[in-house]
Amino acid sequence: MTRKFTAALLLLLVSAGFSGAVSAKCDDDDCDSQKYVRKSFFNFSYLSDKLRLSDENFNFENLEGVWDEAGDVINDNVKGVRNNYGFSLTRGHTYAFHKKPIARLVTIGLDAIFFDVSYSNYSVVPASLGMSHQEDGKMTVVTEEMPLHKMEYSLQVGPSVTITPGKQLTVEAYARYAPTFSAVLVDRTFAGNYASIFVGGASVSYGKLGVGIEARVGSCEYKHLGGKGNVSFDGGRINASGFRAFVQIRW
């Protein structure tokens with residue numbers, strides 16, 4: 001009886017020691033089955049886009065138009081007034097639909113961005129964007145070039161696929177809808193409104209640092225909100241199409 005008890009105890013100790021060794025090995029080697037996927041990210045972007053008048057509205061009922069516009073952005077076929085320069089800051093997180101990567105490689109999730117701010121500077125002839133100028137009680141067409149400043153704050157949500165082939169390399173592709181408040185300032189006139197924007201892009205990172213690019217298309221019908229200027233936004237909806245190239249930090 002004592003021998004059986006001693007043998008069982010030794011077997012238990014050996015099993016526990018073996019399990020501990022395996023666990024220790026997993027921790028040291030970062031086993032693929034327990035692979036850590038960096039799901040939070042912060043982007044600093046350089047942005048390039050164009051503004052133009054359009055009667056086309058980008059929304060969920062016209063997704064074909066969204067994809068056509070995105071294709072034109074990639075091929076640089078979009079007509080309009082290109083910005084002089086612009087930048088943006090974006091912070092977000094990917095919420096995975098499953099705990100472990102599929103096949104130790106793929107993570108499917110939902111991207112959520114609660115902070116996305118951007119600024120872009122243009123030199124425009126207001127008439128090209130349907131703007132007019134009130135002078136002595138009369139509306140006149142503005143043919144002189146003026147600076148235009150555009151500021152936007154966005155939320156974003158959409159599906160993403162993240163591939164982690166190793167311990168450090170991360171590749172992500174995503175498509176998002178970005179409800180946005182867009183505001184412009186031209187000739188001391190402040191205007192703004194809700195804008196529907198669609199985003200699609202990809203990023204590659206090694207460790208915590210990476211780079212990426214995304215295409216953006218959207219539209220907004222600006223309404224006068226205030227200011228001391230006399231510019232009137234009465235030309236209808238304005239489309240914005242462009243891209244962002246960004247440096248990314250992941251954690």
Side-chain angles (χ1 to χ4, degrees), residues 32 34-49 58-71 73-74 86-120 150-182 194-220 240-251:
D32 287 340
Q34 299 177 14
K35 183 182 296 182
Y36 175 70
V37 180
R38 302 177 190 273
K39 298 185 178 69
S40 296
F41 51 88
F42 180 86
N43 300 343
F44 176 77
S45 308
Y46 165 80
L47 65 90
S48 174
D49 65 8
F58 297 119
N59 52 44
F60 287 110
E61 298 177 358
N62 187 27
L63 292 180
E64 182 179 353
V66 173
W67 291 114
D68 289 343
E69 185 84 359
V73 171
I74 295 173
F87 60 86
S88 66
L89 300 173
T90 306
R91 179 175 178 177
H93 184 84
T94 300
Y95 295 92
F97 293 144
H98 42 88
K99 293 183 178 181
K100 299 180 180 179
I102 300 173
R104 302 180 181 180
L105 183 67
V106 179
T107 301
I108 300 174
L110 186 72
D111 283 2
I113 286 81
F114 301 102
F115 178 83
D116 182 283
V117 294
S118 66
Y119 167 79
S120 196
K150 184 176 72 168
M151 296 76 67
E152 293 181 333
Y153 180 88
S154 302
L155 305 175
Q156 297 182 27
V157 62
S160 67
V161 177
T162 304
I163 301 175
T164 49
K167 297 179 183 178
Q168 300 293 326
L169 185 62
T170 301
V171 180
E172 182 187 21
Y174 55 85
R176 306 172 188 150
Y177 175 65
T180 300
F181 177 76
S182 181
Y194 169 81
S196 295
I197 296 178
F198 295 85
V199 182
S203 66
V204 179
S205 63
Y206 187 82
K208 293 184 178 181
L209 297 179
V211 295
I213 191 168
E214 65 181 28
R216 300 172 61 86
V217 297
S219 63
C220 182
S241 305
F243 68 89
R244 290 179 178 180
F246 55 85
V247 176
Q248 184 176 78
I249 300 174
R250 298 188 73 95
W251 68 94

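Please read these numbers as outputs of a predicted model, since none were measured by experiment.
- Listed by first and then second residue, the salt bridge (charged side-chain N to carboxylate O under 4.0 Å, His left out) pairs that reach into residues 150-164 are D49-K150, K150-E152, sequence neighbours excluded.
- Note that the CG atom of L209 and the OG1 atom of T170 stand 11.5 Å from one another [nearest 0.5 Å].
- Environment of CZ in F181: crowded, with over 12 heavy atoms of neighbouring residues, nucleotides or ligands closer than 6.0 Å.
- When the side chain to side chain contact (heavy atoms under 4.5 Å, CB included) test is applied to L105, the partners found at least two apart in sequence or on another chain are I163, P165.
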Side chain to side chain contact (heavy atoms under 4.5 Å, CB included) evaluation trace for S118 with L47: CA-CA 9 Å; S118 66; L47 65 90; 3.9 Å; yes

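- In this structure, I197 CD1 and S182 OG are separated by 6.5 Å, a value rounded to the nearest 0.5 Å.
- Under the side-chain hydrogen bond (donor to acceptor under 3.5 Å, both in side chains) criterion, S203 pairs with Q248, sequence neighbours left out.
- For R38, there are no salt bridge (Lys or Arg N to Asp or Glu O under 4.0 Å) partners, not counting sequence neighbours.
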Verdict with reasoning, F42 to L89, per side chain to side chain contact (heavy atoms under 4.5 Å, CB included): CA-CA 7 Å; F42 180 86; L89 300 173; 3.9 Å; yes

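- The side chain to side chain contact (heavy atoms under 4.5 Å, CB included) search around V157 returns L110, not counting sequence neighbours.
- The CZ atom of F114 sits 9.5 Å away from the NE2 atom of H93 when rounded to the nearest 0.5 Å.
- Below 30°, between 30° and 60°, or above 60°: for F87 and Y119 the angle between ring planes is between 30° and 60°, a tilted geometry.
- A search for salt bridge (Lys or Arg N to Asp or Glu O under 4.0 Å) contacts involving R176 returns D111, not counting sequence neighbours.
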Candidate pair Y174 and V161, rule side chain to side chain contact (heavy atoms under 4.5 Å, CB included), full reasoning: CA-CA 6 Å; Y174 55 85; V161 177; over 6 Å; no

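- Shown here for F41 and T94, the closest heavy-atom pair between the two residues is CE2-OG1, 3.8 Å.
- Pairs engaging residues 203-213 under the salt bridge (charged side-chain N to carboxylate O under 4.0 Å, His left out) rule: none recorded [sequence neighbours left out].
- The two residues A112 and Y95 come nearest to each other via the heavy atoms CB-CE1, 3.8 Å.
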Residues V37, T162; criterion side chain to side chain contact (heavy atoms under 4.5 Å, CB included); working and verdict: CA-CA 9 Å; V37 180; T162 304; 4.1 Å; yes

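- A distance of 5.5 Å separates OG in S40 from CH2 in W251, rounded to the nearest 0.5 Å.
- The distance from the CD1 atom of I213 to the OH atom of Y46 is 11.0 Å, given to the nearest 0.5 Å.
- Here the closest heavy-atom approach between residue H98 and residue V106 is recorded as CE1-O, 3.4 Å.
- Residues meeting the side chain to side chain contact (heavy atoms under 4.5 Å, CB included) test with V247, sequence neighbours left out: none.
- Shown here are the side-chain hydrogen bond (donor to acceptor under 3.5 Å, both in side chains) partners of T180, two or more places apart in sequence or in another chain: S154.
- Within the structure, the salt bridge (charged side-chain N to carboxylate O under 4.0 Å, His left out) test picks out the following pairs touching residues 241-251 (sequence neighbours left out): D116-R244, E172-R250, E214-R244.
- Contacts of P179 classified as side chain to side chain contact (heavy atoms under 4.5 Å, CB included), with partners at least two apart in sequence or in another chain: L155, Y177, Y194.
- Here the closest non-hydrogen pair linking V117 and F115 is CG2-CZ, 3.8 Å.
- From F246, atom CZ reaches atom OG of S45 across 6.0 Å, with rounding to the nearest 0.5 Å.
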